[in-house]
Structures are given as structure tokens and as C-alpha cells.
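Taking it in order: structure first as C-alpha cells, then the write-up.
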Amino acid sequence: MTEPEAGSAVTDLQTTAKPEGGGYRINGSKIFTTHSKYAELMLVYVRFGPGSDGIGSVLVDTKGQGVRFGKPSKFMSQEEWVQTYFENAFVPADMVVLKEGGFKKQIAGFNVERIGNAARSLALGRYAYERAREWAKQRKQFGRLLCEFQGLQWKFAEMKIKLDAGQLLLYRAAANADKGFPSAEETAIAKAFCNQAGFDVANEALQVMGGLGYTQEELVEYCARRCRGWMIAGGSIEILKNRIAEAVFERTFSQRAGKS
Ligand SMILES: Cc1cc2nc3c(=O)[nH]c(=O)nc-3n(C[C@H](O)[C@H](O)[C@H](O)COP(=O)(O)OP(=O)(O)OC[C@H]3O[C@@H](n4cnc5c(N)ncnc54)[C@H](O)[C@@H]3O)c2cc1C
């Protein structure tokens, strides 16, 4: 999906699909695609025509002609991504997933990914919490167990509240998804909350574990780094809050300059 000039404003994407000889020629480039370096097939959002209605998607064989990878890079999580260039790459007609007009459907389906993203945030937050909880029950300072300090007890109480609340919001979004695609509003609320909760909890768990939490002897520091990315990936927390605000006020708010 993501391009150098189209991140949050994904409908600004510029990668084009032009009909030719029973298929399409693809031109453009994509960034931040997780694990793209290892992908044999990429689902690529493309523009068949102008505007949001001109957007659809195709499957591209990355071993085919006209597909080139740039310099490999890494996220903070150490997951790799690589800029991918499409230079007249040919896609046969049967590799078109959604033609123009398919964008709304594609994004509706993307809410499933968002539920998965939210679940991962919560799972890593929960792991870090459990690890810190075990630590606080055995680590002694000032002759007392860490769990006996009220300052730390309150941290654990807040972590528990965030994890439980996140889980219930996530269950609500997932449980209603059997009526078709998940509700955009419920998914946005669950993802925004779980992404923040997962990171906050992992970060506090790290704090409770002191120097050990900050080392790679433990997975807690990894949980914090990994959760950080999900606050941006798959629709940033800010963009999700824009979506929630639209549901609150029952109207759309254009984010574009010059439009109210
Ligand atoms: C770990 C990770 C994995 C990713 N994996 C993939 C992948 O597999 N495939 C893929 O296509 N992309 C992927 N991405 C890219 C991701 O979708 C984009 O980074 C994201 O959409 C934000 O775009 P941007 O980075 O260009 O930031 P920008 O859009 O430039 O935004 C910068 C900041 O401004 C805020 N902002 C922007 N517009 C508004 C607004 N209207 N109101 C309020 N705040 C706003 C954003 O929330 C953000 O904090 C991944 C990103 C990360 C971090």
C-alpha cells in the first residue's frame, strides 16, 4: 500500500496499472512493506484511474521482469523491508484482485488485518506484564520484594486495567465480524486502544524489571520495540482516532487542505 508520497493519505498512491496485451503494466514504487525482501508475490495497491474510485489491487510476481528491490532497511523491531520498484512490470489479467472501484472493499477487508495487529499488541504487552509480574514476586531491594512497594503495585494495577479493557474491545470487534467484515468503528477503537495499551504495558514492564528489562537477556525490551511499530502500521493511532471522531459526530471530516 504505502508509497513515499502516500502514507496516511493512502488514496494519494501513484503506482499505476495501464492495460496492455491482455494484462496490465505496473509503474511506481512501494516502501515499508514488511518482509518485502523475502516476498515472492506482493499484493500491490494500484491506480487504474483517477481518484479513490480508480484504486484497485493486483498480485505481482517479484521474480518477474520490471520488479526491482532497493537498499534493504530495518524497522526498530529488526524486521526487514526494502523499497520495491515496478518498472513496466507486466501483470496478467488473472492476477488482478480488485479492479477500479475496489478500494472500499479492500479497506473493509483490511479491518481483519487491523484486528490481528491489535491482538499482537495485546499479546506482547501481556507477555511483558507476566514476565515483570514474576520478577516482582522474587526480586528483593531494600530487603523487600518489589511487589510489596505500592509505587510498583499501582503500575501493575494500571497494566492489568489496560490489558483487560483492550481484550474486551478486541473481542467486541472480532465477535461482530461474523456478520461480514468487522465494523470499521469497533475495529478502529480496538486497534487504537490495544496498540497504545500494548506499548504502555511493555514499557512499564521494562521499567519494573530495571536494567534487566532493558537488556536482550529478556524479551521484554523486544516487546516494547515491536509494539511501538503497531502504533504506526496498519493505520496509525491518529488516523484511527480521526475515524472514531467521524463515528462520534456522524459525519466525515476531510483531512485535505482547503476542505472542511
Ligand atoms: C512496523 C511497520 C510495518 C509496516 N508494514 C507495512 C506493510 O507491510 N505494507 C505497507 O504498505 N505499509 C507498511 N507500513 C507503513 C505504514 O502503513 C505507514 O508508515 C503508515 O500508514 C503511516 O504513513 P507514514 O509513515 O508515511 O507517515 P505519515 O502519513 O507521514 O504520518 C506522519 C505522522 O503524522 C500523523 N498524521 C498524518 N496524517 C494525519 C491526520 N490527518 N491527522 C492526524 N495525524 C496525522 C500520522 O499519524 C503520523 O504520526 C509499516 C509501517 C511500520 C511502522
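Here the structure is a predicted model, which means the values were calculated and not measured.
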Remaining members of the apolar cluster that contains F181, side-chain heavy atoms under 4.5 Å: V112
If we only count heavy atoms from C-beta on, is the E246 to R251 side-chain gap below 4.5 Å? no
Minimum heavy-atom separation for G66 and A89, please, with both atom names. O-CB, 3.7 Å
Are side-chain heavy atoms of T2 and T33 found at a separation under 4.5 Å? no
Any chance you could measure E80, atom CD, to S73, atom OG, to the nearest 0.5 Å? 9.0 Å
Modelled atom types, side-chain donor and acceptor of E20 and Y24, under 3.5 Å: no
What's the verdict on salt bridge (charged side-chain N to carboxylate O under 4.0 Å, His left out) for E238 and K241, showing C-alpha distance, side-chain angles and the deciding distance? CA-CA 5 Å; E238 292 79 12; K241 285 182 179 172; over 6 Å; no
Worked verdict on R133 versus E130 for salt bridge (charged side-chain N to carboxylate O under 4.0 Å, His left out): CA-CA 5 Å; R133 192 169 73 92; E130 291 294 355; 3.1 Å; yes
Does the side chain of T16 come within less than 4.5 Å of I26's, by heavy atoms? no
Starting at CD of E134, measure out to NZ of K137 and round the result to the nearest 0.5 Å. 4.0 Å
Any side-chain donor-acceptor pair under 3.5 Å between S57 and Q106? yes
Checking Q255 side chain against F253 main chain: does a donor-acceptor pair fall under 3.5 Å? yes
Compare every heavy atom of A190 with every heavy atom of A118, then report the nearest pair and how far apart it is. CB-O, 4.2 Å
Distance-minimising heavy-atom pair for A247 and E185: CB-CD, 3.4 Å
Return yes when atom NZ of K63 has more than 12 non-hydrogen atoms of other residues, nucleotides or ligands closer than 6.0 Å, and no otherwise. yes
Residue pairs passing the salt bridge (charged side-chain N to carboxylate O under 4.0 Å, His left out) test where at least one lies in residues 86-106, sequence neighbours excluded: R68-E87
Any side-chain heavy atom of K191 sitting closer than 4.5 Å to one from N117? yes
Taking a hydrophobic cluster as the set of Ile, Leu, Val, Met, Phe, Trp and Tyr residues connected by side-chain heavy atoms closer than 4.5 Å, whether directly or through intermediates, do V248 and L169 fall within one such cluster? yes
Hydrogens and angles aside, do S77 and E79 bring a side-chain donor and acceptor to less than 3.5 Å of each other? yes
Closest non-hydrogen contact found for P182 with A108 is CD-O, 4.4 Å
Check step by step if side-chain contact (heavy atoms from CB on, under 4.5 Å) holds for D200 and E204. CA-CA 6 Å; D200 288 350; E204 280 294 60; 5.6 Å; no
Shared hydrophobic cluster for F193 and L168 (ILVMFWY, side-chain gaps under 4.5 Å): no
How are the rings of Y38 and H35 set relative to one another: parallel (under 30°), tilted (30 to 60°) or perpendicular (over 60°)? tilted
ILVMFWY cluster membership beyond V201 - transitive side-chain contacts under 4.5 angstrom: I115, L122, Y129, W135, F142, L146, F149, L152, F156, M159, L163, L170, L206, V208, M209, L212, Y214, V220
Go through the steps for K30 and V44 under the test side-chain contact (heavy atoms from CB on, under 4.5 Å), then give the verdict. CA-CA 8 Å; K30 299 287 174 182; V44 182; 3.6 Å; yes
Counting distance only, does the side-chain N/O of E3 pair as donor-acceptor with the main-chain N or O of T15 below 3.5 Å? yes
Is any side-chain N of the basic residue among R131 and E218 closer than 4.0 Å to the acidic one's carboxylate O? yes
To the nearest 0.5 Å, how far apart are CD in Q216 and CZ in R225? 5.5 Å
Side-chain heavy atoms under 4.5 angstrom apart, residues restricted to Ile, Leu, Val, Met, Phe, Trp, Tyr: same cluster for L240 and V10? no
Which distance, rounded to the nearest 0.5 Å, do you find between the SG of C194 and the CZ of R114? 13.5 Å
Walk me through whether N176 and S183 qualify under side-chain contact (heavy atoms from CB on, under 4.5 Å). CA-CA 7 Å; N176 290 337; S183 140; 5.6 Å; no
Does some side-chain heavy atom of T84 sit less than 4.5 Å from a side-chain heavy atom of V67? yes
Is any side-chain heavy atom of Y222 closer than 4.5 Å to a side-chain heavy atom of L124? yes
Which atoms form the tightest heavy-atom contact between T62 and A39, and what is the distance? OG1-O, 2.7 Å
Test salt bridge (charged side-chain N to carboxylate O under 4.0 Å, His left out) applied to R120 and E113, step by step: CA-CA 11 Å; R120 281 177 281 165; E113 194 279 346; 3.7 Å; yes
Judged by modelled atom types alone, do S29 and Q83 share a side-chain donor-acceptor pair under 3.5 Å? yes
Can you name the nearest heavy-atom pair linking L145 to A136, along with the distance? CB-O, 4.0 Å
Would you give the length of the straight line joining atom CG of N27 to atom CD of Q14, rounded to the nearest 0.5 angstrom? 12.0 Å
Shared hydrophobic cluster, M1 / F103 (ILVMFWY, side-chain heavy atoms < 4.5 Å): yes
Cluster membership besides F32, Ile/Leu/Val/Met/Phe/Trp/Tyr side chains within less than 4.5 angstrom, sorted by chain and number, is I31, F75, W81
Using distance alone, with no hydrogens and no angle criterion, decide if R226 and Q78 have a side-chain donor and acceptor under 3.5 Å apart. no
Would you say the side chains of S121 and N195 form a donor-acceptor pair under 3.5 Å? yes
Let me check something: any side-chain donor-acceptor pairs from residues 46-56 under 3.5 Å, sequence neighbours excluded? List them with distances.
unit_1	atom_1	unit_2	atom_2	d
R47	NE	L13	O	2.8
R47	NH1	G49	O	3.0
R47	NH1	G51	O	2.7
R47	NH2	T11	O	2.7
R47	NH2	L13	O	3.2

Does some side-chain heavy atom of I189 sit less than 4.5 Å from a side-chain heavy atom of R243? no
Hey, could you give me the CD/CG distance between E221 and N203, rounded to the nearest 0.5 Å? 12.0 Å
Side-chain heavy atoms under 4.5 Å apart, restricted to Ile/Leu/Val/Met/Phe/Trp/Tyr: what other residues fall into the cluster of M231, or is it alone? F199, I237
Do other residues, nucleotides or ligands put more than 12 heavy atoms under 6.0 Å from E217 CD? no
ILVMFWY cluster, F69 and V60 together (side-chain gap under 4.5 Å): no
Evaluate the side-chain contact (heavy atoms from CB on, under 4.5 Å) criterion for residues K71 and V82: first the C-alpha distance (whole Å), next the side-chain angles of each, then the deciding distance (0.1 Å), finally the verdict. CA-CA 6 Å; K71 186 172 146 280; V82 66; over 6 Å; no
